[in-house]
Amino acid sequence: MKKVTRFLMIGLLLLTNIASFAQEAEMADTMRSEGKIYVVVAIILVIFFGMIGFLIYTDRKVSSLEKRMNDLK
Amino acid sequence: MRSVWLKVVCIVLLVYAIIGGLLFGVPRLNIVNETIRALYFHVPMWFGMVALFGTSAVYAIKYLRNPNFQNDVWSVEFANVGMVFGLLGILTGMIWANYTWGSPWHGDPKQNGAAIALLVYFAYFVLRGSVNNEEQRARLSAAYNIFAFVAMVPLIFIIPRMTSSMHPGSGGNPGFNMYDLDSRMRMVFYPAVTGWILLGCWIATLRIRMKLVEEKIAQSEDEKSY
């Protein structure tokens with residue numbers, strides 16, 4: 001039991017140590033709190049869906065070509 | 001990749017990776033700061049490239065065992081898409097290196113190894129372009145493809161780990177162990193990798209289908225001309 005508590009204590013100490021070290025790093029907290037990050041997310045998603053839409057369109061076109069090809073025979 | 005549900009899974013995973021990658025929590029680390037999120041996009045490019053080149057090598061072996069047009073097309077198109085993934089990986093890596101290491105090309109063993117691996121694969125396409133006879137081209141390039149894959153593995157995975165490198169996961173660097181401790185990042189990273197690999201397979205199979213249709217048209221044209 002004593003061993004377990006000691007182990008837990010060391011673990012806790014390490015955790016708090018990491019946490020205090022990590023707080024120093026500068027992150028884009030202001031941008032997030034202002035909600036502007038959603039603008040970035042929206043823009044990337046629009047581009048992504050545009051690309052995927054194009055890919056699906058091409059996929060369908062190839063499918064119809066394959067169908068026409070098989071109907072010929 | 002003909003099944004619709006795999007494509008749906010691919011899109012869902014990638015949308016999740018984009019949203020989660022930009023919004024979910026990440027460890028607060030010095031130097032990398034917020035750019036740690038690039039991990040969700042840069043690293044899947046390399047995972048995707050290795051998966052696609054691996055598939056390409058498998059079809060190269062299949063071709064050598066059973067020489068037919070299909071195996072050759074599969075091998076080439078997977079290598080093609082793998083190349084695109086590799087180029088995107090190296091470009092994103094350069095942007096990231098410029099921010100965290102100070103210059104886009106640091107001569108880091110990981111960067112150099114990746115560049116050499118891509119050059120080895122460039123030579124695969126040069127080889128294909130330089131042989132006119134179709135069967136010879138397929139056979140030579142299938143043999144070279146296996147060599148290229150075997151050469152890529154030490155260039156990307158072994159040499160950078162044996163020398164000193166700033167790239168995470170190389171040269172005694174703690175690598176992503178530190179980030180991997182964070183299960184939040186794993187929750188986005190693995191779906192992102194799966195999604196990007198699926199997207200690569202989707203594009204590759206689409207190109208394969210196009211080439212097979214093209215070949216059928218060429219065949220029927222040949223029959224008519226006789």
Side-chain angles (χ1 to χ4, degrees), chain A residues 4-73, chain B residues 1-4 6-8 10-37 40-41 81 178-179 181-182 195-196 198-221 223-224:
Chain A
V4 177
T5 36
R6 184 179 288 175
F7 188 74
L8 279 175
M9 285 288 275
I10 291 171
L12 211 77
L13 265 173
L14 276 173
L15 266 178
T16 46
N17 194 29
I18 289 170
S20 61
F21 153 79
Q23 279 305 318
E24 294 163 21
E26 199 181 305
M27 302 296 260
D29 294 320
T30 328
M31 187 187 185
R32 275 165 208 288
S33 64
E34 284 174 349
K36 282 184 186 149
I37 187 71
Y38 298 112
V39 181
V40 183
V41 175
I43 287 171
I44 295 177
L45 281 180
V46 166
I47 292 177
F48 177 73
F49 277 116
M51 292 289 177
I52 289 292
F54 184 62
L55 189 61
I56 292 171
Y57 171 74
T58 314
D59 196 316
R60 284 190 170 177
K61 204 145 201 184
V62 172
S63 293
S64 76
L65 271 179
E66 280 172 342
K67 209 172 158 269
R68 273 171 67 193
M69 205 67 226
N70 290 329
D71 289 347
L72 273 179
K73 281 183 183 172
Chain B
M1 220 174 102
R2 272 171 188 276
S3 69
V4 177
L6 266 181
K7 291 167 189 170
V8 173
C10 164
I11 295 168
V12 169
L13 284 178
L14 287 177
V15 168
Y16 167 75
I18 289 169
I19 296 173
L22 291 170
L23 295 180
F24 292 176
V26 291
R28 305 174 76 99
L29 300 172
N30 286 310
I31 302 172
V32 283
N33 305 99
E34 203 79 60
T35 68
I36 193 170
R37 293 176 193 279
Y40 300 134
F41 303 94
V81 183
M178 198 170 174
Y179 317 139
L181 273 178
D182 203 293
W196 283 108
L198 282 175
L199 187 72
C201 292
W202 184 359
I203 297 171
T205 47
L206 193 59
R207 287 182 59 97
I208 290 161
R209 286 163 62 192
M210 268 169 70
K211 271 215 172 162
L212 293 179
V213 170
E214 211 182 333
E215 174 64 15
K216 266 191 184 170
I217 292 170
Q219 266 178 5
S220 61
E221 278 170 355
E223 278 163 21
K224 266 182 204 163

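Throughout, protein chains are lettered first and strands after them, A, B, ... in sequence-line order, and every chain is numbered starting at 1. Treat the numbers as computed from the prediction; the structure is a model and nothing was measured.
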[X] portion near chain A, given a 4.5 angstrom heavy-atom threshold:
| X | answer |
| --- | --- |
| B:Ile18 | side chain |
| B:Arg207 | neither |
| B:Ile217 | both |

>> Donor-acceptor pair, distance only, cut-off 3.5 Å: does the side chain of B:Asn33 make one with the backbone of A:Met27?
In response: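 Side chain of B:Asn33 to backbone of A:Met27: no pair is present.
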Minimum side-chain heavy-atom gap [X]-[Y] below 4.5 Å:
| X | Y | value |
| --- | --- | --- |
| B:Ile36 | B:Pro27 | yes |
| B:Val32 | B:Leu29 | yes |
| B:Leu199 | A:Ile52 | yes |
| A:Phe48 | A:Ile43 | no |
| B:Leu206 | B:Lys211 | no |
| B:Val26 | B:Tyr40 | yes |

>> For chain B, which candidate among A:Leu65, A:Asp29, A:Val40 shows the most heavy-atom pairs at distances under 4.5 Å?
In response: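 The candidate making the most pairs under 4.5 Å is A:Asp29.
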>> My understanding is that only residues two or more places apart in sequence, or in another chain, count here; which of them pass salt bridge (charged side-chain N to carboxylate O under 4.0 Å, His left out) with B:Arg209?
In response: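 Partners of B:Arg209 by the salt bridge (charged side-chain N to carboxylate O under 4.0 Å, His left out) criterion, ordered by chain and then number, come out as A:Asp59, A:Glu66.
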>> Please output the residues of residues 31-39 of chain A in contact with chain B, using a heavy-atom cutoff of under 4.5 Å, in numerical order.
In response: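 Residues in range: A:Arg32, A:Ile37, A:Tyr38.
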